[in-house]
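Quantities reported herein were computed from a predicted structural model and do not represent experimental measurements.
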Amino acid sequence: MNYPDMRLLQLLARTFPNCESASTEIINLEAILSLPKGTEHFVADIHGEHEAFLHILRNASGNIKRKVHDLFGESLPEQEMRDLCTLIYYPEKRLEMIEEGSDEDLSGFYARTLLQLIQVCQSVSSKYTRSKVRKALPKQFAYIIEELLHESPNDEDKDAYVQRIVETIVQIGQARNFIVAICNVIHKLSIDQLHILGDIFDRGPGAHIIMDYLLTRENFDLQWGNHDALWMGAAAGCDACIAIVLRLSLRFANLATLEEGYGINLLPLATFAMETYSDDPCLQFLPVGTMAEAKGDEKRLRLIAQMHKAISVIQFKLEGQLMNVHPEWNIDRRGTLENINLANGTYNFEGQDYPLLDACFPTLDPSDPYRLTAEEADLMKRLHHSFRISEKLQKHIRLLFSHGSMFLVSGCNLLFHASVPLNADGSLRQVTIDGQTYQGRELMQQIESMMRTAFSPSPLERNRVSCRDFFWYLWCGPDSPLFDKDRMATFERYFLADPATHHEEKGAYYLLREEPEVCARILDHFGVTSPSMEGEVGGQRHIINGHVPVHAGQGENPIKADGMLMVIDGGFCKSYHHTTGIAGYTLVYHSRGFELIQHEPFTSTAEAASSGTDIKSSKQIVEMAGRRIRVRDTDKGRQIQEQIKELRGLLYAYRHGIIKENTKK
């Protein structure tokens, strides 16, 4: 028999010191292989909409509601089922409201609710081993909850046993704590693996809240988006990234993430903006979506507009400096400051002069347009310091690195945020970085290495600075997999009225990704193989993307290339709702196949907890498997089969005296 090498066997023997322990583990692992695969949820482009995102996780994209209706559809009225769902989503808030609004003894309510929650918890835990369920239980109640979960109410004796446990929980005043604990277990077990395909940051107010939540969660991965890379660059100390982060935050009047989330001191920017642009109305810089609110708070919005313009001009200067330092990046120079004619109030775009919508540039020196004034330089020094010393920001960036990557191959699925740079004929585009050319998978890996180097304690300061600046290239570079357009027309959108000057030509990937043969070549290059099991989702492989919002309201289909490509940016962010016509997607991959869940706009957490409102979601079946997918058929299953092979080798070694058993353990 071929068995693993001796060193591996010796390491295994430390954990499984005899035939009995090795055999028990083999039996356990073989049983796990026969379980249905866990449910995976894919989301993209959350953009700081923490309330909607967290609600979707709490209701498992509508799956908890479906389970409640399956369990109680014939025994409970609709309102009671809705109330039960709301309790599961927000147990602490809902219980507080119920207790404050009732003068009666709630013992009966607690007992009924506990029994109902036990059934729901039994349903969501049915895919898992007892060991995995046990790990999800709170330590203080683990034994009792486990007893309740694994007793059948159909047995008369066991029914009395369960009833007595519940009665005792209520009598000793622990019902509230138990209800909260069981609801949290339901949340944990409803989603086995969470995939976030980029862009947690910007636009919405709660990116820091989302990151705080992820710090408490296991079993998730991240594929970095362009907005995530921007914040990573800012945290690394790239001044251009810092300026862009501030500009975007001010553009959407989202100061909560900066000030409350990360403690960024914006007072120096506010002081500088008020002094420098005191006579400037800054009309082009009023926050997006707040024009109607300006009448109610003109002073605040004017200050935001002044800060917005001040940091925008600084951004354009810092970007010009980086373009001069890194000509090899081939960043398009059309949107830069040397094309401004202050005397005429015009801007030269591709040889033609256009009138500027705003010609007030008090800090611009036409002879040296990219030089920061002394005041601007001092301001950036202060802002740089504030980003670098933000403990929470740095902690969240470490989380992005520990759970994130540029791409991920998960089973038959290739996950990345935006694109794989291609040539017009669909072949992989060669991209030069530091004098070396890369394409496809190797390009992604080289970019990831540079991103990590920017935060490493490298002795080569020059190399670290170059990698730090590279985050800006990822934001707007023409061959960046996180951008992949010919240019970023930020300046033109602010200062020129003609929409022709705003055009950004998308890379070939976005034009060719609906062609199955192109997607197949990309999947082959990344080593994504078809499912090995007979009948699994039609033997299909998939690319799963975000980044470009799907205009579902206009009939655009997120499923492309004969099902090989799934674009799941449905517009979580409120500023995109008018564009997409919906409020986000969740792609759900369970043991029966793929379902795409389309969400309508969410009201608020407070409204959901108090009135029981839920996100209305519609389901589209994407692909269904010929038979139920088991753990055996997944990446995890293949890892388990390798473990079984190694353990069988250990058994062989024990039984043939190659390694001695320790029967005392």
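Side-chain polar atoms of Asp199 and His417 form a donor-acceptor pair below 3.5 angstrom.
In this structure, OG in Ser386 is found 11.0 Å from CG in Leu269, a value given to the nearest 0.5 Å. Taking NZ from Lys381 and CG from Leu372, the interatomic distance works out to 13.5 Å, rounded to the nearest 0.5 Å. Atom CG of Asn341 and atom CG of Asp353 lie 7.0 Å apart (nearest 0.5 Å). Residue Thr586 holds its OG1 atom at 7.0 Å from CD1 of Ile597, rounded to the nearest 0.5 Å. Within the model, atoms CD1 of Ile568 and CG of Leu415 stand 8.0 Å from one another, a figure rounded to the nearest 0.5 Å. In this structure, Ile331 CD1 and Cys476 SG are separated by 4.5 Å, a value rounded to the nearest 0.5 Å.
Judged purely by atom type and a 3.5 angstrom limit, Asp358 uses its side chain to pair as donor or acceptor with the backbone of Cys360. At least one donor-acceptor pair closer than 3.5 Å links the side chain of Ser390 to the backbone N or O of Leu393. No donor-acceptor distance shorter than 3.5 angstrom exists from the side chain of Gln598 to the backbone of Tyr585, with no hydrogens or angles considered. For the pair Asp228 (side chain) and Gly225 (backbone), a donor-acceptor distance under 3.5 Å is present. A distance-only check finds a donor-acceptor pair linking the side chain of Ser456 to the backbone of Thr453 [under 3.5 Å]. Between the side chain of Asn324 and the backbone N or O of Gly320, at least one donor-acceptor pair lies under 3.5 Å. Not one N or O on the side chain of Thr276 forms a donor-acceptor pair closer than 3.5 Å with the backbone of Ala273. Remark: the backbone N or O of Gly351 is paired with a side-chain donor or acceptor of Asn348 at under 3.5 angstrom.
Using cut-offs of 30° and 60° on the angle between ring planes, the pair Tyr494 and Phe285 is parallel. Using cut-offs of 30° and 60° on the angle between ring planes, the pair His47 and His227 is perpendicular. Ring planes of His599 and Phe572: tilted class, angle from 30 to 60°.
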Run Arg541 and Asp524 through salt bridge (charged side-chain N to carboxylate O under 4.0 Å, His left out) and show every step you take. CA-CA 10 Å; Arg541 303 175 294 169; Asp524 289 341; 2.7 Å; yes
Mind running side-chain hydrogen bond (donor to acceptor under 3.5 Å, both in side chains) on Glu376 and Thr363 for me, showing each step along the way? CA-CA 8 Å; Glu376 287 173 325; Thr363 69; 2.9 Å; yes
For Phe201 and Leu230: C-alpha separation, side-chain torsions, deciding distance, then whether side chain to side chain contact (heavy atoms under 4.5 Å, CB included) applies. CA-CA 9 Å; Phe201 287 89; Leu230 183 65; over 6 Å; no
Worked verdict on Asp45 versus His547 for side-chain hydrogen bond (donor to acceptor under 3.5 Å, both in side chains): CA-CA 6 Å; Asp45 300 271; His547 188 59; 5.1 Å; no
Evaluate the side chain to side chain contact (heavy atoms under 4.5 Å, CB included) criterion for residues Val431 and Tyr438: first the C-alpha distance (whole Å), next the side-chain angles of each, then the deciding distance (0.1 Å), finally the verdict. CA-CA 5 Å; Val431 178; Tyr438 306 89; 5.6 Å; no
Apply side-chain hydrogen bond (donor to acceptor under 3.5 Å, both in side chains) to residues Asn545 and Tyr509 and explain how you reach the verdict. CA-CA 12 Å; Asn545 279 149; Tyr509 173 80; 2.4 Å; yes
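Sorted by first and then second residue, the salt bridge (Lys or Arg N to Asp or Glu O under 4.0 Å) pairs with a member in residues 438-449 read Glu448-Arg452; sequence neighbours excluded. Each salt bridge (Lys or Arg N to Asp or Glu O under 4.0 Å) pair with one or both residues in residues 560-570, not counting sequence neighbours, appears once here: Glu514-Lys560, Glu556-Lys560.
Considering His195, Met566, Gln223 as possible partners of Phe42, the one that fulfils the side chain to side chain contact (heavy atoms under 4.5 Å, CB included) test is His195. Between Phe491 and the options Phe316, Tyr354, Phe349, a ring-ring contact (aromatic ring centres under 6.0 Å, His included) holds for only Phe316. Under the side chain to side chain contact (heavy atoms under 4.5 Å, CB included) test applied with Cys282, the options His308, Gln306, Met307 reduce to a single match, Gln306.
Salt bridge annotation for Asp202-Arg251: absent, with no cationic side-chain nitrogen under 4.0 angstrom from a carboxylate oxygen. A salt bridge does not link Glu505 with Lys485: every distance from a Lys NZ or Arg NE/NH1/NH2 to an Asp or Glu carboxylate oxygen is 4.0 Å or more. A salt bridge links Arg493 to Glu504: at least one charged side-chain nitrogen sits closer than 4.0 Å to a carboxylate oxygen. The pair Arg429-Asp479 meets the salt-bridge criterion, with a side-chain N (NZ, NE, NH1 or NH2) lying under 4.0 Å from an Asp/Glu carboxylate O.
When side chains are defined from C-beta on, Lys317 counts as touching Leu337, because their heavy atoms get closer than 4.5 Å. Put simply, the side chain of Ile559 does not reach to within 4.5 Å of the side chain of Leu565, judged on heavy atoms. Side-chain contact between Tyr277 and Val313 is present, with at least one heavy-atom pair separated by less than 4.5 Å. Arg388 places a side-chain heavy atom less than 4.5 Å from the side chain of Gln394. No side-chain heavy atom of Cys238 sits less than 4.5 Å from a side-chain heavy atom of Tyr473. Looking only at side-chain heavy atoms (C-beta outward), Val288 and Arg203 stay at 4.5 Å or farther from each other. Two residues are said to be in side-chain contact when any heavy atoms from C-beta on lie closer than 4.5 Å; Ile264 and Val245 fail this criterion. Counting heavy atoms from C-beta outward, Leu414 and His542 have side chains that stay 4.5 Å or more apart.
More than 12 heavy atoms of other residues, nucleotides or ligands sit less than 6.0 Å from atom NE2 of His502. Atom CG of Asp425 has more than 12 heavy atoms from other residues, nucleotides or ligands within 6.0 Å.
The minimum heavy-atom distance between Leu258 and Trp231, with the atom names listed, is CD2-CH2, 3.7 Å.
Here Asp378 pairs with Arg382 under the side chain to side chain donor-acceptor pair (under 3.5 Å) rule; sequence neighbours left out. With sequence neighbours excluded, no residue satisfies side chain to side chain donor-acceptor pair (under 3.5 Å) with Gln446. Residues passing the side chain to side chain contact (heavy atoms under 4.5 Å, CB included) test with Glu517, sequence neighbours excluded: Glu515, Arg521.
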Do any side-chain atoms of residues 205-213 form donor-acceptor pairs under 3.5 angstrom with protein atoms, and if so which ones, sequence neighbours left out?
| from | atom 1 | to | atom 2 | distance (Å) |
| --- | --- | --- | --- | --- |
| Asp212 | OD1 | His396 | NE2 | 2.9 |
| Asp212 | OD2 | Lys392 | NZ | 3.1 |
| Tyr213 | OH | Arg217 | NH1 | 2.9 |

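Cation-pi check for Lys309 over Phe361 is met; the charged atom lies under 6.0 angstrom from the ring centroid and within 45 degrees of its normal.
Ring to ring, Phe53 and Phe602 are not that close: their centroids are 6.0 angstrom or more apart. The ring of Phe401 has its center closer than 6.0 angstrom to the ring center of Trp224.
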